[in-house]
Amino acid sequence: MPELPEVEAVVARARRAAKGRTIRKIEVLRASAVRPQTAALVARRAGNRRIENIERRGKNILIRLAGGYTIRIHLKLNGDLHTDGVNWSSRVIFHLSGGRQLVFDEPRALGTVNVLDEKQLAAALAGIGPEPLSREFRAEDFVEAAGKSRLAAKLFLMDQKRVAGLGNVYAAEALFRARIHPGRRMNELGAGEAGELYGAIREVLREAVKSAKIAYNHPGGHKEAARFKPSVYGREGEPCVRCGSRIRRIQQGGRSTYFCAHCQR
DNA sequence: CTGCCCCTGTAA
DNA sequence: TTACAGGGGCAG
């Protein structure tokens with residue numbers, strides 16, 4: 001479930017570990033992890049390149065290399081990029097200068113590592129909307145786009161073209177915070193509701209980024225304490241934290257949506 | 001817009 | 001043993 005906050009935390013950690021180092025060797029343990037590319041291409045493009053920076057765009061991890069190539073990593077469902085050493089779910093190992101290694105893990109094997117040239121990178125990022133925690137994400141734009149869309153609110157929030165980085169968890173949490181039913185059509189939201197939703201997105205994400213950074217950067221006991229606790233996601237049948245009625249689960253776009261039918265109208 | 005597919009661990 | 005979860009890309 002890495003969404004914007006978790007990817008942000010992973011990126012911060014990877015940046016500290018790897019920025020300025022050179023990739024000595026790339027070991028692809030599972031060929032499908034670099035699909036549709038090949039291990040040979042990945043090694044040829046990224047081998048012996050210096051890591052200029054590591055950034056996040058939406059849920060994409062971008063490792064900027066000297067010479068113009070960029071490693072694009074998508075963690076999909078359960079991916080991770082860490083320095084804790086190799087285990088059974090490790091798919092790609094970046095051997096770095098200074099004896100360090102960065103490891104890409106993906107137990108579900110949906111996540112990918114690709115090395116893109118500038119044109120490919122531009123194409124990959126072309127469809128990604130504004131960063132919700134940046135100034136480019138403006139309330140008036142969001143409200144205007146909302147007024148023009150007949151999409152259900154939950155599906156709208158998960159559409160990466162509209163806002164970057166929200167997934168199943170934080171889309172549901174933002175809707176709960178704004179007290180909006182996930183099935184409401186965006187263009188049928190009331191005057192203040194789209195604005196409420198805009199604010200809720202930013203609040204939820206800001207909180208979650210804080211939690212994720214602690215959870216990903218401190219070992220052991222702090223992790224559990226810092227962990228973001230969803231109000232609705234994954235809580236079917238449990239009491240709503242606001243009103244006590246049972247959280248419900250419905251299907252939207254083939255995926256589960258959790259919400260409180262009493263609080264969210 | 002809906003639905004299928006990718007892929008595999010885990011829950012039923 | 002099977003169903004399901006899930007982001008995103010793509011076909012229909």
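Every chain is numbered from 1, with letters handed out A, B, ... down the list of sequences.
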Legend entry - Rounded distance in Å - CZ (A:R57) to P (C:dG7): 18 Å
Inset, instruction - List the steps and the verdict of salt bridge (charged side-chain N to carboxylate O under 4.0 Å, His left out) for A:E52 and A:R64. - result: CA-CA 5 Å; A:E52 302 287 0; A:R64 308 280 191 176; over 6 Å; no
Inset, instruction - For A:R248, look at atom CZ and say whether over 12 heavy atoms of other residues, nucleotides or ligands are found less than 6.0 Å away. - result: no
Inset, instruction - Answer with yes or no after comparing the ring centroid distance for A:Y198 and A:F137 against a 6.0 Å cut-off, counting only values under it. - result: yes
Inset, instruction - Give a yes/no on whether any side-chain N or O of A:Y258 is located under 4.0 angstrom from OP1 or OP2 of C:dA5. - result: no
Legend entry - Nearest-angstrom distance from the residue atom CZ of A:R56 to C1' of C:dG7: 16 Å
Inset, instruction - Describe the nucleic acid contact of A:S256 in one word from base, sugar-phosphate, nothing, applying a heavy-atom distance below 4.0 Å. - result: sugar-phosphate
Inset, instruction - Report the distance from atom CZ of A:R108 to atom C1' of C:dA3, rounded to the nearest whole Å. - result: 13 Å
Legend entry - Phosphate OP1/OP2 of C:dA5: any A:R249 side-chain N/O under 4.0 Å: yes
Legend entry - Cation over ring face, A:R235 and A:F259, 6.0 Å, 45°: no
Inset, instruction - Report yes or no: do A:R72 and A:N60 form a side-chain donor-acceptor pair below 3.5 Å? - result: yes
Inset, instruction - Find the distance A:E6:CD to C:dG7:P and express it as a whole number of Å. - result: 11 Å
Inset, instruction - Mind checking the CG-CD1 spacing from A:L157 to A:I201? Nearest 0.5 Å is all I need. - result: 5.0 Å
Inset, instruction - Using a heavy-atom cut-off of under 4.0 Å over every strand shown, decide if A:Y233 touches base, sugar-phosphate, or nothing. - result: sugar-phosphate
Strictly under 3.5 Å: I want the nitrogen or oxygen pairs between protein and nucleotides 8-12 of chain C, one per line.
{"unit_1": "C:dG8", "atom_1": "OP1", "unit_2": "A:H74", "atom_2": "NE2", "d": "2.9"}
{"unit_1": "C:dG8", "atom_1": "OP2", "unit_2": "A:K59", "atom_2": "NZ", "d": "3.3"}
{"unit_1": "C:dG8", "atom_1": "OP2", "unit_2": "A:Q160", "atom_2": "NE2", "d": "3.4"}
{"unit_1": "C:dG8", "atom_1": "O6", "unit_2": "A:R255", "atom_2": "NH2", "d": "3.1"}

Inset, instruction - Let me know, please, whether A:R91 or A:G253 comes out on the 5' side of the other along DNA chain B by nearest nucleotide. - result: A:G253
Inset, instruction - Kindly say if A:S32 contacts the phosphate of B:dC6, meaning a side-chain N or O under 4.0 Å from OP1 or OP2. - result: no
Inset, instruction - Could you tell me whether the side chain of A:E173 reaches within less than 4.5 Å of the side chain of A:R177, counting heavy atoms only? - result: no
Inset, instruction - Describe the nucleic acid contact of A:L75 in one word from base, sugar-phosphate, nothing, applying a heavy-atom distance below 4.0 Å. - result: nothing
Inset, instruction - Using atom CG of A:L110 as one end and atom P of B:dG9 as the other, report the distance to the nearest whole Å. - result: 12 Å
Legend entry - Nearest-Å distance for atom pair CD/P, residues A:E236 and B:dA11: 16 Å
Inset, instruction - Would you mind reading off the distance between A:I250 atom CD1 and C:dC4 atom C1', rounded to a whole angstrom? - result: 18 Å
Inset, instruction - Whole angstrom is fine here: how far is it from CG in A:L77 over to C1' in B:dC6? - result: 10 Å
